There are 2 protein chains.
Amino acid sequence: MSPHDDGRQNLALLCFYPARAMEARVLAAMAEAGFDDITAAQGRIAARIGPAGTRLTDLAAQALVTKQTAGHLVDQLERAGYVRRVPDPTDARARLVQMAERGWAVVALARQVEAEVEAEWTAHLGEEATAQLRAALTRLREVTDPYR
Amino acid sequence: MSPHDDGRQNLALLCFYPARAMEARVLAAMAEAGFDDITAAQGRIAARIGPAGTRLTDLAAQALVTKQTAGHLVDQLERAGYVRRVPDPTDARARLVQMAERGWAVVALARQVEAEVEAEWTAHLGEEATAQLRAALTRLREVTDPYR
DNA sequence: TGACGATGGTCAGGTCTTCTGACGAAATAG
DNA sequence: CTATTTCGTCAGAAGACCTGACCATCGTCA
């Protein structure tokens with residue numbers, strides 16, 4: 001969060017560029033494919049829905065937003081037909097947020113675009129450097145991601 | 001933007017964790033030091049102000065927001081005494097956004113916290129891996145940052 | 001088993017961020 | 001010296017988030 005001073009860029013800022021670029025690319029591809037009613041915030045929530053469905057509280061925790069915010073975003077996703085809420089058989093208080101058919105279609109597209117962009121990056125950096133990058137970031141995650 | 005599926009995490013998502021962690025750390029340190037009226041969005045704009053001042057349009061372009069958004073954020077920063085606007089001597093239409101004294105104090109604190117966090121990361125990864133990480137991210141920036 | 005703290009989720013209301021659209025004023029090009 | 005671009009602002013609205021207050025259910029422990 002501080003400027004370009006001594007040439008050596010802030011490591012976190014360097015991390016930010018690829019993340020932002022990927023989000024923009026995926027969102028643009030979505031819009032082009034007709035899924036123009038998805039926002040970045042909705043995507044960040046939707047991306048964390050597991051195969052069998054995920055509780056709202058868990059989605060909120062992983063995305064680092066409040067339950068209210070997550071609930072609001074899930075409302076929108078539900079209204080647009082991307083997800084549905086079903087009762088959690090193991091807890092009468094809870095409900096599971098599950099992908100609907102339309103949701104799976106979007107996920108498939110997102111994965112494809114992500115793969116394409118990663119391929120571009122790998123072409124730019126080279127196979128070995130990319131593998132090293134992934135390894136370093138994975139280890140860095142141990143100290144930067146409170147959830148796992 | 002897609003879930004934890006095949007164990008191998010999305011490269012962009014891996015980039016996102018450190019960026020988010022750093023922003024949270026810096027913001028928390030700010031608040032603790034009494035600069036509790038700064039928001040993340042304001043910080044992202046302020047971080048791009050150069051030593052001699054920067055035009056609003058340039059700030060907007062670098063932060064990837066519209067001129068209106070940047071203008072609004074600079075309004076807030078100005079009201080809080082962190083920055084000031086001065087006429088651009090080379091262009092009567094433009095004004096330069098410059099750091100004020102209070103602004104420099106915050107920048108100094110932010111730099112210090114950034115350095116501390118980077119040191120933690122370096123301790124976790126090792127000197128060599130950190131240097132490689134920085135090099136890879138710097139090269140990746142060539143294809144992910146439209147501004148430089 | 002029955003009170004009680006912890007947990008899952010919603011409702012209400014508000015702030016901050018960000019956008020589109022339209023516009024004056026100054027610079028630049030032909 | 002007009003035509004076009006560029007710098008910045010005003011106006012209005014939507015989206016993303018938050019705090020605080022609540023209710024229903026779960027788990028526990030006397």
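As the structure is a prediction and not an experimental result, all values here were calculated from the model. First the proteins, then the strands, lettered A, B, ... as listed; each starts at 1.
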Determine the contact category for B/Gln76: base if any of its heavy atoms lies under 4.0 Å from a base atom, sugar-phosphate if only primed atoms, P, OP1 or OP2 are that close, otherwise nothing.
-> sugar-phosphate
Any A/Thr69 side-chain N or O less than 4.0 Å from OP1/OP2 of D/dC18 | yes
How is B/His72 classified with respect to the nucleic acid when contacts are heavy atoms under 4.0 Å: base, sugar-phosphate, or nothing?
-> base
Take B/Thr130 and B/His124, measure what side-chain contact (heavy atoms from CB on, under 4.5 Å) needs, and give me the verdict at the end.
-> CA-CA 9 Å; B/Thr130 303; B/His124 185 73; over 6 Å; no
Could you tell me whether the phosphate oxygens of D/dT19, OP1 or OP2, come under 4.0 Å of any side-chain nitrogen or oxygen in A/Thr66?
-> no
Tell whether A/Gln68 reaches the base of C/dG13 with its side chain through a donor-acceptor pair below 3.5 angstrom.
-> no
DNA chain C: A/Arg95 or B/Val65, which has the more 5' nearest nucleotide?
-> A/Arg95
Would you say a side-chain N or O of B/Arg93 is under 4.0 Å from OP1 or OP2 of C/dA25?
-> no
Under 3.5 Å, is there a donor-acceptor pair between the side chain of A/Arg139 and the main chain of A/Ala135?
-> no
Determine: side-chain N/O of A/Arg85 to OP1/OP2 of C/dG9, distance under 4.0 Å, yes or no.
-> no
Exam field: side chain A/Thr54 to backbone A/Gly50, donor-acceptor pair closer than 3.5 Å | yes
Phosphate contact (C/dT7 OP1 or OP2) by A/Thr57 side-chain N/O below 4.0 Å | no
